[in-house]
Amino acid sequence: MYVDLGNALSSVASPGVSRASLERLDEDVAAAHERIERGRANDEHGYAALNLPETADPDAITATVEPVADAEALVIVGIGGSALGAATLADALDSDVETHVLDNVDPEHTNDLLEGLPLADTAINVVSRSGTTAETLANFLVVREAFEDAGVDWTERTVVTTGEAGPLRDLADTHDLPVLKVPDGVPGRFSVLSTVGLAAAAIRGDDVEALLAGGRDVARNLSGSLFESPAYAYGATTYALDNRGASINAMLPYAEGLETYAEWYAQLWAESLGKDGLGQTPVRALGATDQHSQLQLYRAGPRNTMVTFVRPRERADRTIPETDVEGLSYLGDATLGELLDAEFEATEASLAAAGRPNVRVELDRVDERGLGQLLYGMEAACVLAGELHGVDTFVQPAVEWGKNAARGLLGAEGEYPEADAVEDKEQLLVE
Ligand SMILES: O=P(O)(O)OC[C@H]1O[C@H](O)[C@H](O)[C@@H](O)[C@@H]1O
C-alpha cells in the first residue's frame with residue numbers, strides 16, 4: 001500500500017495541510033500509536049482487530065467450511081459489518097462460486113434471488129456477531145424455508161458465523177451446524193480479516209492466507225510516525241483535512257471490483273468516527289464512472305470535500321480495436337487500462353489544479369494480498385483517526401438506537417423505550 005499526500009498539502013489545495021503542520025501532528029501520531037499498541041498488546045475491544053492477521057486461523061476456517069466447499073453458489077446472509085467485508089472480497093476477487101449477499105430485507109429482491117438459485121448446490125453462510133440482528137435472522141428463516149420447500153436439507157448447506165452465545169448460536173447448536181466463532185474484541189466493521197469475512201472467502205476458494213499476509217504487510221509498517229506508515233499517513237491526513245473543513249471524504253476507487261470496497265469503507269468511516277458531533281462523511285463513488293456525475297461538485301462545489309483515489313498499479317488489460325472513424329483514431333493505439341489510467345491522472349490533476357485536496361492510495365494489484373493490505377490499512381487509518389479525534393471508535397450507540405426501536409415496534413420481548421419515540425412522531429403530512 002502506497003499513499004501519496006502531495007495533493008493534500010496547503011501549497012496545492014484549500015483546505016490543505018502544510019508540511020510543518022503534518023510534522024507537528026506527528027507527535028500526536030506517536031502518542032496515538034502508543035495507545036494503539038497498548039490496546040493491541042492487551043487484546044482490548046476494537047484494538048484486537050488489528051491483530052487479526054496474526055490471530056486468525058485460516059486452516060480452522062477452511063476445515064469448518066469443508067462440508068460446503070463443493071458449492072456452485074453462495075448466499076451470505078448478514079448485514080453491516082457482518083456482510084460488507086465478505087461482499088467486498090467477493091466483488092473484487094474472481095471465483096467460480098456465484099456469490100450473493102442477502103443483507104437488505106426487500107421481499108422483491110429476496111424472492112428474485114431465491115428463485116434463481118441452484119439450491120441443491122448452494123451454500124449459506126449466515127453471519128451475525130450478536131445473533132439477534134432482525135434483518136439477518138429474518139432473511140435466514142426465509143432462506144431456510146426456501147430450501148425446505150425445494151426438498152433440500154439446509155442443515156447440510158449452512159455454515160454459521162456468530163458469537164459465543166445468542167439465538168443464532170442456539171439455533172446452530174440445535175441443528176448441529178458447523179459454526180465459526182466471531183473473535184472477541186472485534187467489532188463488525190473491523191472483522192473482514194476474521195471468520196466473519198474469511199468464511200465466505202474460503203467457500204469461494206479465495207486465498208485466505210494471502211489476504212492475511214496482506215494485512216501483515218501493513219501491520220509491520222505501523223510505527224510512531226505518519227511519514228513511515230502509509231496507513232497512518234492516510235488516517236492523519238484525513239484528520240487534518242477534516243479539521244480544516246473537509247468534512248466530506250469521497251472514496252473513488254479506479255477498479256470496477258472495488259465498488260463494494262467503497263461501501264465497506266463508508267461503514268468503517270461513518271460508524272467509527274461519526275460521534276460527539278464529529279466525523280467525516282464518507283461518499284461512495286467509482287472511477288471513471290463518477291467523473292461523469294459527481295466530479296463537477298468536487299471540483300467546483302463547496303470547499304468541504306477531499307477525494308481519496310484508490311488504484312491498482314497493475315491490472316489485466318484489453319486492447320481497444322483500431323478504427324478509421326474520424327476523431328476516434330487516438331483510441332485505437334491504446335488499451336482500456338491505459339484509458340482508465342489517463343482518466344484517473346486527468347481527474348487527479350484537475351482537482352489539484354482547482355486546489356481541491358485529494359490523496360492517492362495505490363496497491364500493486366487487486367488480488368488477495370493487495371486487498372488484505374488495503375482493508376487492513378484503512379482499518380488502521382480509521383483507528384488512528386479515532387484516537388486523534390478523541391472519539392470512541394469501536395462503539396455505535398446511534399445505530400443501536402434504531403435497532404432497538406425496530407425491535408420494539410415489532411413487539412419483541414423486552415423494554416424498548418426507543419419505540420415510543422417513533423410512535424410520538426410529529427406529523428406534517430403534505431399529500
Ligand atoms: O453482526 P451483527 O450482530 O448481526 O451486527 C450487524 C451490524 O449491526 C449493526 O448495524 C451495527 O451497527 C454494525 O456494526 C453491525 O455490523
Side-chain angles (χ1 to χ4, degrees), residues 1 49 52-78 81-103 117-118 121-127 157-161 178-183 186 188-219 253 255-265 268 310 312 314-316 363-379:
M1 182 179 175
L52 284 170
E54 301 288 350
T55 55
D57 184 347
D59 294 339
I61 294 171
T62 308
T64 306
V65 305
E66 210 278 324
V68 296
D70 59 343
E72 282 174 21
L74 166 66
V75 181
I76 301 159
V77 183
S82 287
L84 287 170
T88 296
L89 301 179
D91 191 16
L93 298 169
D94 288 336
S95 163
D96 293 337
V97 181
E98 169 195 334
T99 306
H100 302 273
V101 179
L102 200 50
D103 51 358
L117 279 176
D121 297 308
T122 297
I124 309 167
N125 181 207
V126 54
V127 191
R157 310 300 306 157
T158 302
V159 175
V160 173
T161 310
V179 187
L180 286 161
K181 183 177 167 296
V182 179
V186 178
R189 55 192 175 278
F190 290 90
S191 67
V192 57
L193 295 179
S194 76
T195 50
V196 174
L198 299 180
I203 294 168
R204 289 163 38 80
D206 301 334
D207 186 342
V208 171
E209 182 43 52
L211 283 160
L212 295 169
R216 284 195 293 275
D217 292 339
V218 177
E256 192 74 18
L258 293 180
E259 190 169 13
T260 309
Y261 151 75
E263 271 189 63
W264 172 89
Y265 173 86
L268 179 75
V310 176
E314 278 174 41
R315 64 175 109 226
L363 319 170
D364 288 327
R365 278 169 296 279
V366 179
D367 58 7
E368 282 91 340
R369 188 132 190 172
L371 283 167
Q373 293 172 355
L374 178 65
L375 299 174
Y376 185 93
M378 288 299 168
E379 288 179 14

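Salt-bridge formation is detected for the pair Asp217/Arg369: a Lys NZ or Arg NE/NH1/NH2 atom is positioned less than 4.0 Å from an Asp or Glu carboxylate oxygen. Under a 4.0 Å N-O distance rule, the pair Arg157/Asp70 qualifies as a salt bridge.
No side-chain heavy atom of Val77 sits less than 4.5 Å from a side-chain heavy atom of Val127. With a 4.5 Å cut-off on side-chain heavy atoms, Thr88 and Val192 do not count as touching. Using a 4.5 Å heavy-atom cutoff, the side chains of Leu268 and Phe190 are in contact. The shortest side-chain heavy-atom distance between Met378 and Trp264 falls under the 4.5 Å cut-off. Leu180 is listed as a side-chain neighbour of Val65, based on a closest heavy-atom distance under 4.5 Å. For the pair Thr260 and Val101, the minimum side-chain heavy-atom distance is 4.5 Å or more. Residues Leu371 and Leu258 have side chains in contact (heavy-atom distance under 4.5 Å, counting atoms from C-beta outward). When side chains are defined from C-beta on, Thr55 does not count as touching Pro183, because their heavy atoms never get closer than 4.5 Å.
For the salt bridge (Lys or Arg N to Asp or Glu O under 4.0 Å) test, residues two or more places apart in sequence or in another chain that qualify with Glu314 are Arg365.
Taking all atoms of both residues into account, the shortest heavy-atom contact from Val208 to Pro58 is CG1-CB, 3.7 Å. The two residues Leu52 and Ser191 have their closest heavy-atom pair at CD1-CA, 4.5 Å. Across all non-hydrogen atoms, the minimal contact from Val68 to Thr158 is CG1-N, 4.3 Å. The minimum heavy-atom distance linking Ser82 with Ile76 is given by the pair O-CG2, 4.5 Å. Taking all atoms of both residues into account, the shortest heavy-atom contact from Ala202 to Ile61 is CB-CG2, 4.0 Å. Leu89 and Gly197 get closest at one heavy-atom pair: CD1-O, 3.8 Å.
Not a single donor-acceptor pair under 3.5 Å links the side chain of Thr122 to the backbone N or O of Leu117. Side-chain atoms of Glu98 do not come within 3.5 Å of backbone N or O of Ala73 as any donor-acceptor pair. A donor-acceptor contact shorter than 3.5 Å links the side chain of Gln373 to the backbone of Met1. Although no hydrogens or angles enter the test, the distance criterion places a donor-acceptor pair under 3.5 Å between the side chain of Asn125 and the main chain of Val159. Proximity of a side-chain donor or acceptor of Arg189 to a complementary backbone N or O of Gly81 within less than 3.5 Å is not detected. Side chain of Thr99 to main chain of Val97: a donor-acceptor pair is present (N/O by atom type, distance under 3.5 Å, no hydrogens or angles).
Within the model, atoms CD1 of Ile124 and NE2 of His100 stand 12.5 Å from one another, a figure rounded to the nearest 0.5 Å.
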**Message:** Run the side-chain contact (heavy atoms from CB on, under 4.5 Å) test on Leu375 and Tyr261 for me, step by step, so that the C-alpha distance in whole Å, both residues' side-chain angles and the decisive distance to 0.1 Å come before the verdict.
**Reply:** CA-CA 8 Å; Leu375 299 174; Tyr261 151 75; 3.8 Å; yes
**Request:** Apply side-chain contact (heavy atoms from CB on, under 4.5 Å) to the pair Val179 and Thr64, showing each step before the final yes or no.
**Result:** CA-CA 7 Å; Val179 187; Thr64 306; over 6 Å; no
**Item:** Working for salt bridge (Lys or Arg N to Asp or Glu O under 4.0 Å), residues Glu209 and Arg216
**Value:** CA-CA 10 Å; Glu209 182 43 52; Arg216 284 195 293 275; 2.6 Å; yes
**Request:** Please assess Thr195 against Lys181 for the test side-chain contact (heavy atoms from CB on, under 4.5 Å), listing each intermediate value before the final yes or no.
**Result:** CA-CA 7 Å; Thr195 50; Lys181 183 177 167 296; 5.9 Å; no
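Annotation: salt bridge (charged side-chain N to carboxylate O under 4.0 Å, His left out) contacts involving residues 192-205, sequence neighbours excluded, comprise Arg204-Asp206.
Counted within 6.0 Å of CG on Asp94, heavy atoms from surrounding residues, nucleotides or ligands total 12 or fewer; the atom is thus considered open.
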